[in-house]
Trainee: 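There's a structure below that I have some questions on.
Per chain, numbering begins at 1; letters A, B, ... match sequence-line order.
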Amino acid sequence: MMLSEDTERLSRLVPLLPKLWDWYRANARALPWREPSTSPYAVWVSEIMLQQTQVATAAPFYERWMERFPTVRDLASAPLEEVLRYWAGLGYYARARNLHRAAKDLLASYEGELPSDVKALLRLPGIGRYTAGAIASLAYGIPAAVVDANVERVLCRIFGVDGIPSQAATARRLAALAEALVPPDAPGLHNQAMMELGALVCSPSDPACGRCPLSDACHAARTESPTDWPRRRAAKRQVRTAHASAALFRSDGSVLLVRRAPHGLWGGMWELPRRECAAGEAPVQTAERALREVVGLRATIGAELHTVRHAVMHYAITLHVLRASEPEGDASPLDCVALRWATPRQALELPLASPQRQALERLAAMQHLAG
DNA sequence: TTCCCGTCCT
DNA sequence: AGGACGGGAA
């Protein structure tokens with residue numbers, strides 16, 4: 001899948017690789033998962049956390065996680081609810097559910113050890129091509145290639161790849177290039193060096209070609225604007241949506257919360273009963289419908305307590321939180337997997353996605369002010 | 001407000 | 001091939 005021009009440029013690039021590795025040894029960030037003692041399990045956890053998530057965001061979550069779930073066995077034996085609590089705020093909650101599921105699989109099939117074989121790794125939920133290659137090479141020294149967004153950017157610039165990386169042919173070309181570069185004796189070092197180069201030097205919008213150990217072999221570095229690579233598809237237009245949640249309080253100060261089914265947006269997380277506003281539907285109607293459809297209660301919807309803005313992908317979500325009162329009927333879990341009453345302060349201990357956490361924090365503050 | 005990013009499902 | 005899935009930084 002390589003082009004002939006690729007072969008030519010490879011022969012110029014390979015002799016520079018020792019400079020890349022030296023650069024990495026001198027400039028690598030000291031990160032918690034880069035301790036020499038990092039277990040394959042810890043490499044796995046860090047790689048899952050780093051999917052779609054910045055290093056600075058993931059680091060404190062990683063520390064807390066490893067303290068609570070230091071081994072595959074600790075993770076597998078913990079309840080999903082607690083696992084999600086440790087993930088709350090990181091987003092993409094399927095990652096936590098898959099990690100938990102895979103830990104159970106590892107205990108059942110591999111005596112709790114992470115396999116070193118890429119094919120076996122790919123069979124675990126939540127592990128795709130990138131993560132399988134990362135675990136194999138970083139944790140076990142297997143010469144597997146990795147193409148994450150950093151590597152993709154570095155390769156597209158060096159080789160002047162004009163195809164769009166998400167298209168199959170271009171993806172295959174990038175995979176072939178990455179594979180051709182992996183040294184059999186130090187795949188982990190090389191892969192981390194490529195990713196670190198992308199993160200620290202060959203950055204998306206402000207590449208520092210002057211500091212790059214590979215710039216002598218780089219196509220983009222010799223052009224007016226190295227940031228023309230990688231080529232991108234046109235961005236999707238922003239879509240605005242509104243959601244409404246009902247805050248139904250009991251006289252003891254507790255509020256009704258529901259746990260979502262373990263799939264889809266905010267799967268497995270707790271929240272105030274919520275629905276997306278239909279076209280032309282006012283938040284007060286939506287909140288009424290949410291209580292009815294999610295827990296089977298009819299109630300009177302009162303004042304809007306507050307508004308939380310949140311971005312998910314290309315969606316801009318406005319979450320309206322409205323007070324509800326005078327419920328009729330018994331609350332039952334119609335469109336949720338569990339339901340409970342808790343004070344807003346207690347609710348903050350549950351697994352909550354970020355906008356729900358904001359909403360509950362403000363309810364807790366309100367209650368505090370009310371005495 | 002825009003940009004950035006792996007895996008799974010369809 | 002393309003959409004769903006979040007949160008933080010620029």
Side-chain angles (χ1 to χ4, degrees), chain A residues 43-62 84 87-102 118 121-136 138 144-154 156 163-172 174-175 178 191 195 198-200 202-207 227-241 243 260-269 271 276 308-319 351-359:
Chain A
V43 170
W44 173 38
V45 171
S46 69
E47 290 300 339
I48 300 295
M49 283 191 179
L50 290 167
Q51 291 170 5
Q52 315 298 307
T53 305
Q54 309 274 331
V55 164
T57 305
F61 284 85
Y62 172 84
L84 284 173
W87 202 272
L90 268 179
Y92 292 104
Y93 299 97
R95 294 184 296 174
R97 299 194 303 268
N98 286 334
L99 215 31
H100 188 233
R101 177 71 254 161
V118 169
L121 287 166
L122 282 171
R123 271 185 241 120
L124 294 165
I127 297 186
R129 222 196 300 282
Y130 163 75
T131 307
I135 293 170
L138 306 199
V146 298
V147 182
D148 75 338
N150 287 308
V151 174
E152 173 185 302
R153 187 168 57 250
V154 169
C156 282
I164 292 173
S166 58
Q167 291 180 339
T170 306
R172 281 195 298 274
L174 291 170
N191 285 340
M195 294 190 276
L200 299 183
C202 194
S203 62
S205 58
D206 187 27
T227 55
D228 286 354
W229 292 269
R231 281 188 44 201
R232 294 273 166 231
R233 266 201 312 252
K236 270 195 292 278
R237 239 222 323 263
Q238 272 266 321
V239 178
R240 287 166 195 288
T241 61
H243 294 222
R260 298 179 55 68
H263 54 76
L265 183 65
W266 299 318
M269 309 299 279
E271 65 179 4
E276 181 175 346
V308 179
R309 280 173 220 293
H310 186 71
V312 179
M313 312 297 303
H314 60 291
Y315 297 99
I317 297 176
T318 305
L319 173 63
L352 300 168
S354 290
Q356 283 77 14
R357 166 163 295 276
Q358 279 183 55

Trainee: Below 30° counts as parallel, above 60° as perpendicular, anything between as tilted: where do the rings of A:H310 and A:W266 land?
Mentor: tilted
Trainee: Does C:dA4 have its OP1 or OP2 closer than 4.0 Å to a side-chain nitrogen or oxygen of A:Y92?
Mentor: no
Trainee: For the pair made of CD in A:E152 and C1' in B:dC4, what is the distance, rounded to whole Å?
Mentor: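 One finds 11 Å between C1' of B:dC4 and CD of A:E152, rounded.
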Trainee: Just how far, in rounded Å, is P of C:dG8 from CD of A:Q51?
Mentor: 17 Å
Trainee: Once hydrogens and angles are ignored, does a donor-acceptor distance under 3.5 Å link the base of B:dG6 to the side chain of A:Q52?
Mentor: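 Answer is yes: a donor-acceptor pair is held.
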Trainee: To the nearest 0.5 Å, what is the distance between CD on A:Q51 and CD1 on A:I127?
Mentor: 8.5 Å
Trainee: Remember a base hit wins even if backbone is also touched, and classify A:A316 as base, sugar-phosphate or nothing at under 4.0 Å, heavy atoms.
Mentor: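 Nothing: the residue A:A316, judged by heavy atoms under 4.0 Å, touches no strand.
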Trainee: For B:dC5 and A:R153 - does any side-chain N or O of the residue sit under 4.0 Å from the phosphate oxygens OP1/OP2?
Mentor: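 Checking A:R153 against B:dC5: at least one side-chain N or O falls below 4.0 Å of OP1 or OP2.
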Trainee: Categorize A:R309 for me: base, sugar-phosphate, or nothing, with a 4.0 angstrom heavy-atom threshold over every strand shown.
Mentor: nothing
Trainee: If we ignore angles and hydrogens, is there a donor and acceptor under 3.5 Å between the side chains of A:Y130 and A:E47?
Mentor: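 Indeed, the side chains of A:Y130 and A:E47 share at least one donor-acceptor pair under 3.5 Å.
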Trainee: In whole Å, I'd like the distance from the NE2 atom of A:H263 to the P atom of B:dC9.
Mentor: 12 Å
Trainee: Report the residue (A:A56 or A:Y315) whose heavy-atom-nearest nucleotide on DNA chain C is the more 5′ of the two.
Mentor: A:Y315
Trainee: Just how far, in rounded Å, is C1' of B:dC4 from CG of A:L200?
Mentor: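 For the pair A:L200 CG and B:dC4 C1', the rounded distance is 16 Å.
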Trainee: Using a cut-off of less than 4.0 Å, is there contact between a side-chain N or O of A:T131 and OP1 or OP2 of B:dT7?
Mentor: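 So the side-chain polar atoms of A:T131 do come within 4.0 Å of the phosphate oxygens OP1 or OP2 of B:dT7, strictly under.
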Trainee: Grab the CG-P distance between A:L50 and C:dG7 for me, whole Å please.
Mentor: 16 Å
Trainee: Using a 4.0 Å heavy-atom cut-off, does A:I48 contact any base of the nucleic acid, only the sugar-phosphate backbone, or nothing at all?
Mentor: nothing
Trainee: For the residue pair A:R231 / A:T170, report whether a side-chain donor-acceptor contact shorter than 3.5 Å exists.
Mentor: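 Judged by distance alone, the side chains do not pair up.
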Trainee: Indicate, with a heavy-atom threshold strictly under 4.0 Å, whether A:P230 touches base, sugar-phosphate, or nothing.
Mentor: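 Nothing, no nucleic acid heavy atom in range.
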Trainee: Using the closest heavy atom to pick a nucleotide of DNA chain C for each, name whichever of A:Y93 or A:Q167 lands nearer the 5' end.
Mentor: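 Looking at the nearest nucleotide for each, A:Q167 comes out on the 5' side.
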Trainee: For C:dG6, take OP1 and OP2 only and decide whether either is under 4.0 Å from a side-chain N or O of A:H310.
Mentor: no
Trainee: Of the listed nucleotides (C:dA4, B:dG6, C:dG7), which one gets closest to any side-chain atom of A:A149?
Mentor: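 So the side chain of A:A149 is nearest to B:dG6.
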Trainee: Classify the side-chain pair A:N150/A:R153 by whether it contains a donor and acceptor separated by less than 3.5 Å.
Mentor: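 Present: a donor and an acceptor within the cut-off.
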Trainee: Return the value, rounded to whole Å, for the distance between atom CE of A:M313 and atom P of C:dG7.
Mentor: 12 Å
Trainee: Can you measure A:L174 atom CG to B:dG6 atom P for me and round it to whole angstrom units?
Mentor: 13 Å
Trainee: Does the side chain of A:L352 reach to within under 4.5 Å of the side chain of A:E271, using non-hydrogen atoms?
Mentor: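 Answer no - side chains too far apart.
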Trainee: Is the phosphate of B:dC8, meaning OP1 or OP2, less than 4.0 Å from a side-chain N or O of A:R129?
Mentor: no
Trainee: For a quick test of reading the model: is some side-chain N or O of A:T57 closer than 4.0 Å to OP1 or OP2 of C:dG7?
Mentor: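 Answer no for this pair, as no side-chain N or O of A:T57 is under 4.0 Å from OP1 or OP2.
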Trainee: Students often get this wrong, so: under 4.0 angstrom with heavy atoms, is A:G267 touching a base, only sugar-phosphate, or nothing?
Mentor: nothing
Trainee: Measure from CZ on A:R357 to C1' on C:dG6 and round the result to the nearest Å.
Mentor: 15 Å
